[in-house]
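Computed from heavy atoms alone, side chains included, the values below leave out hydrogens, waters and symmetry copies. What you see is a predicted model; the values in this text were computed from it and never measured. Residue numbers start from 1 in every chain, and the chains themselves are labelled A, B, ... in the order their sequence lines are given, proteins ahead of strands.
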Amino acid sequence: MAIKKVTRAEDYSGWYNYIVENADLAEHSAVRGCMVIKPYGYAIWEKMQQDLDRRFKETGHSNAYFPLFIPKSFFTKEAKHIDGFATECAIVTHHRLKNVNGEMVVDPDAKLEEELIVRPTSETIIWNTYKGWIQSYRDLPILVNQWANVVRWELRTRLFLRTAEFLWQEGHTAHATANEAIAETKQMLDVYADFAESILAIPVIKGVKTENERFGGALDTYCIEGLMQDGKALQMGTSHFLGQNFAHAFDVKFLTKENKQEYVWATSWGVSTRLMGALIMAHSDDDGLVLPPRLAPIQVVIVPIYRTDDERIRIDAKVDEVVASLKKQGISVKYDNRDTQKPGFKFAEWELKGVPVRLAIGPRDLDNGTVEVARRDTKEKIVMDLTDLSHKVEHLLEQIQTNIYQKALDFRTENTNNVDSWDEFCEKLESGFVLAHWDGTSETEKKIKEKTKATIRCIPIDNLLQDGKCILSGNPSTQRVIFAKAY
RNA sequence: CGGGAUGUAGUUCAGCCCGGUGGAAUGCCUGCUUUGGGAGCAGGAGGUCGCAGGUUCGAAUCCUGCCAUCCCGACCA
């Protein structure tokens, strides 16, 4: 049997694509830069959505929906924020096709009076709307989130990591005071960080972006940064303190208790389907996807092993009991009773798809009252007594969740280095995060990027202050910042 | 958007240099034997050779343009 496998060591990008396609997560579509998220991949995204949505609601937010199209004039109102993606906008110019000799062409008579931009982000349409919602301090805060698709006409795309259209959530909040908005910004950063660590099982560093990396419309951009297995950093979520930029741009004022007109303070925050990419690159191995149990659409797969119809009937009956008891514990379980594939094939297939736990039940097990339990993360196989199996499996799933996180944390610890010389700086950049002194200037940051391709991923929150010398310029520095090559 | 590569069966690829009725493996379908780590044998179905032009008696093969994908750059809240 010749199964083509791509290993991480051989070809990291090839390995990534192989997993995305062969684990049935997504595939390229007929539209340039746009992907089809397949049912199995979408099921994982839905689990992310569910957990995040619960957290948003718990912190007082409500969902709403704003238009896909944004009048072009809105973008000129807050010019700074559009700089970042002005070069990657999809623009709607017409509203009708006509049939010319059997070919559909754009009807030149159907030109829009004002062109519409397919949203790359929704601050403008939302703040245009908020203007009508806010008159007094009693209308504040507004805590709204939307689940939506956005379009950024990327020239170089990669499934999940960077696509022309992607799915995300964007929270947009309005507050009476700067402090309240800052607290909201940080609160949502904490929500993201906790989600990443406890659900995705990826350790992240919370930090603030430097001016170079900041969202154009923001006063401060906070982020969570994760480290992938190839030593590159991935920004996994952002939370912006927008100050009064959008309130000024859209003239959104409110009356305070003291009857004074003031501009509203804003935040926005988002995570996207890019998290799918993070999930793959953080945990998976050369045998395929490795899913943390809390995100796995199928947590347990059961593979029957039999020779005769009689054996099969007896195993089916036993499996029915096992399935019922697992479901009772809230475990999602699939009985792979396809008669068209052999067990070995099924083992390999479910490993490729990252199912955390596999149970195999055969005639031997029926005789002994046992089951073979295999865990995806360690590839370990043990024979377990069927007694109280559902609790044992529940416990095992928790163990796997913890172990996957710990493994990622150990990897990050091993690949995070304090560095004080330029040579060592360049060397350690190859493997992960580098903590080095920086003189605080954009100029130095840009020079370092030119020389090494590395950027400052963030200045960690609550960073330790210590005197030192900038890794490049030698000028005085008060703290180490995190450098890495990034996706 | 610049440089490089690729595009042939569902998939991975050979064929192209040197033009002459499109191949393999795997997957798929049928049957039998199998089933505790990607099964074996036999038979069968499956292709506008990325798209559009051009050269030619004749194009998967040569030429031009376009599209898509991958790699490297530039860009990227």
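- Sorted by first then second residue, the salt bridge (Lys or Arg N to Asp or Glu O under 4.0 Å) pairs that include residues 212-222 of chain A, not counting sequence neighbours, are A:E213-A:R457.
- Between B:U69 and B:U34, the distance separating the two P atoms is 48 Å to the nearest Å.
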Distances under 3.5 Å between nitrogen or oxygen atoms of protein and nucleotides 1-9 of chain B:
none

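- Closest-nucleotide positions on RNA chain B for A:K453 and A:Y487 were compared, and the one nearer the 5' end corresponds to A:K453.
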Check the interface with nucleotides 31-35 of chain B: list each N/O to N/O pair with the protein under 3.5 Å, or write none.
from	atom 1	to	atom 2	distance (Å)
B:U35	OP1	A:R307	NH1	2.4
B:U35	OP2	A:R307	NH1	3.2
B:U35	O2'	A:Y306	O	3.1

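- Interface residues of residues 158-172 of chain A facing RNA chain B, ordered by number: A:R162, A:F166, A:W168; criterion, heavy-atom separation under 4.0 Å.
- A:H248 is linked by a ring pair (Phe, Tyr, Trp, His ring centres under 6.0 Å) to A:Y263, counting only residues two or more places apart in sequence or in another chain.
- Among pairs with a residue in residues 32-42 of chain A, those fulfilling salt bridge (Lys or Arg N to Asp or Glu O under 4.0 Å) read A:D24-A:K38, A:E27-A:K38, at least two apart in sequence or across chains.
- With sequence neighbours excluded, no residue satisfies salt bridge (Lys or Arg N to Asp or Glu O under 4.0 Å) with A:K186.
- For the C1' atoms, the distance from B:A74 to B:G4 is 15 Å, rounded to whole Å.
- A:G33 comes within 4.0 angstrom of the backbone, heavy atoms only, and of no base.
- Under the side chain to side chain contact (heavy atoms under 4.5 Å, CB included) criterion, A:D194 pairs with A:R55, A:S198, not counting sequence neighbours.
- The residue A:E213 sits close only to the backbone: its heavy atoms come under 4.0 Å of sugar-phosphate atoms, none of a base.
- Contact annotation for A:S268: no contact, since no heavy-atom pair falls under 4.0 Å across all strands.
- For A:E115, the salt bridge (Lys or Arg N to Asp or Glu O under 4.0 Å) partners at least two apart in sequence or on another chain are A:K72.
- For residues 425-434 of chain A, the side chain to side chain donor-acceptor pair (under 3.5 Å) pairs, not counting sequence neighbours, are A:E430-A:K485.
- For A:L219, the side chain to side chain contact (heavy atoms under 4.5 Å, CB included) test picks out A:F241, A:N245, with sequence neighbours left out.
- Residues A:F56 and A:W269 place their aromatic rings such that the two centres sit under 6.0 Å apart.
- Within the 4.5 Å cutoff, the side chain of A:D336 has no heavy atoms near those of the A:Q341 side chain.
- Nearest-nucleotide positions on RNA chain B for A:C34 and A:T238 put A:C34 closer to the 5' end.
- Applying the ring pair (Phe, Tyr, Trp, His ring centres under 6.0 Å) rule to A:W15 yields the partners A:Y12; only residues at least two apart in sequence or on another chain are considered.
- Heavy atoms of A:R338 sit nowhere under 4.0 angstrom from any nucleic acid atom.
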